[in-house]
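Comments concern the structure below.
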2 protein chains.
Amino acid sequence: MQKITIEDLAQPTATPDKTTGRTLILNNAARLFRTKGYAATSLRDLAAACNMKAGSIYYHFESKDAIVAEVLRIGVAQVYEEVRRVTTELGEQASSDDLIYAAVLAHLKSLHDSIDYTSANIRIFGQVPPEVRQTHLPLRTEYEGYWQRLIEQCNQKGAFSSQRNLRLASFFLLGLMNSTLEWFQPNKTSIADIGLEITTIFIHGMGDTVNTSVQHSQ
Amino acid sequence: MQKITIEDLAQPTATPDKTTGRTLILNNAARLFRTKGYAATSLRDLAAACNMKAGSIYYHFESKDAIVAEVLRIGVAQVYEEVRRVTTELGEQASSDDLIYAAVLAHLKSLHDSIDYTSANIRIFGQVPPEVRQTHLPLRTEYEGYWQRLIEQCNQKGAFSSQRNLRLASFFLLGLMNSTLEWFQPNKTSIADIGLEITTIFIHGMGDTVNTSVQHSQ
DNA sequence: GTCTATAATATGATAGAC
DNA sequence: GTCTATCATATTATAGAC
């Protein structure tokens, strides 16, 4: 569980800082949706944040719904791609501890690297117009399924007690990781430390008397 | 960990079904805020759900902010009171396993009993006007502190490895429990089973080879 | 305790100049 | 690619009848 460090996680799909029209609008939209909510973010607010006027936005997007749909998509796609990348890189023969730790760290790092998009996704998913939500749902479900299969793979390697409910376990782990968006403070504990703590508790629990889970895989 | 069952948890402060003015407005407001968000819920929507006209709401509340402030307060207070009640009832000499299981079950049951209020609280907290949020924050922080002290008590009884970060642990447990609001389906797994699974994983982890955590405390 | 009517303002979206 | 101006509609909140 020490092979992958936070420096090893590249950022091929990280949010670009480009200040051109479309990307600028999306970045500001993600931030405003996250902080103010979907309905409370007016196109005048958004335009002002981009140093534009409201009418100009319609050159780049056909509607407010089109903007929020793209913000939602990016919020999942960034994380999904990164988690898939590091787990694929580890390969089939990796240990369960290594797989889970790498996936947890990739999810957490990506989540906080693109925090405006990922936090907006989680916060406003339930608020967007039903058509937008229905269009977005399959991508969410697909990513949840990716984690379910990851947990099942680890189970088949004998990593878990047969008493555990695997469907619940993947919901627990995702919910736990995503909740970091609401309380994480960079100056208190690093993402790498939080990832290690989450992995350790998930596999061994709070009461584990083994020295640490890091030494576990050595 | 078998002493407390889901039937033992009374509901002294559960949301009343009264259809009188003020309570009717609050119940409908909680439901609409939860499903549509804060800004997207208009006072016309709310009045229509109460079979009223928009103007009539101002007889019961002085503003939309006053309504949402009360919805937020109830969302935390219901859960807080119930968790405090069952942990106080168990007393100081209870085992760590019993304490955590009872608190987890009380939190989960209360969360889903008053789901419109609790889910609204979690979903719209970040969207309400800053003054409302600041007024509500101390109650949230106090409840989080209650869990931190509970975890610390269990730690002093020797329940946890000294390697674990107790501050993170309470955030993990709260985030994990609250995430059930987004995916819980009553026909798949009961709240009691989810509570047992959460407690077991939190204390012993997914890889625990002990038969079950229930037999643990016998 | 609920109604109607209305004031004052904000919203998403469009049309057409530059 | 951005602007101004505007349409049609929706919003919170108030005043006063019943």
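These numbers come from the heavy atoms of this one structure, side chains and all, not from hydrogens, waters or symmetry mates.
Taking the side chain as every heavy atom from C-beta outward, A:Ser190 and A:Ile194 never approach each other to under 4.5 Å.
The six-membered or imidazole ring of A:His107 lies near that of A:Tyr143, with a centre-to-centre distance under 6.0 Å.
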- Under the side chain to side chain contact (heavy atoms under 4.5 Å, CB included) criterion, do B:Val86 and B:Tyr101 qualify, and how do the steps go? CA-CA 10 Å; B:Val86 301; B:Tyr101 179 55; over 6 Å; no
- side chain to side chain donor-acceptor pair (under 3.5 Å) evaluation trace for B:Asn121 with B:Arg73: CA-CA 8 Å; B:Asn121 183 296; B:Arg73 190 195 64 77; over 6 Å; no
- Task: Using a 4.0 Å cut-off on protein heavy atoms (strictly under), produce a 5'-to-3' string for nucleotides 1-13 of chain D with B for base contact, S for backbone-only sugar-phosphate contact, and - for none.
- Result: BBBB-B----BBB
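Relative to the ring axis of B:Tyr80, B:Arg84 places its NZ or CZ within 45° and under 6.0 Å from the centre.
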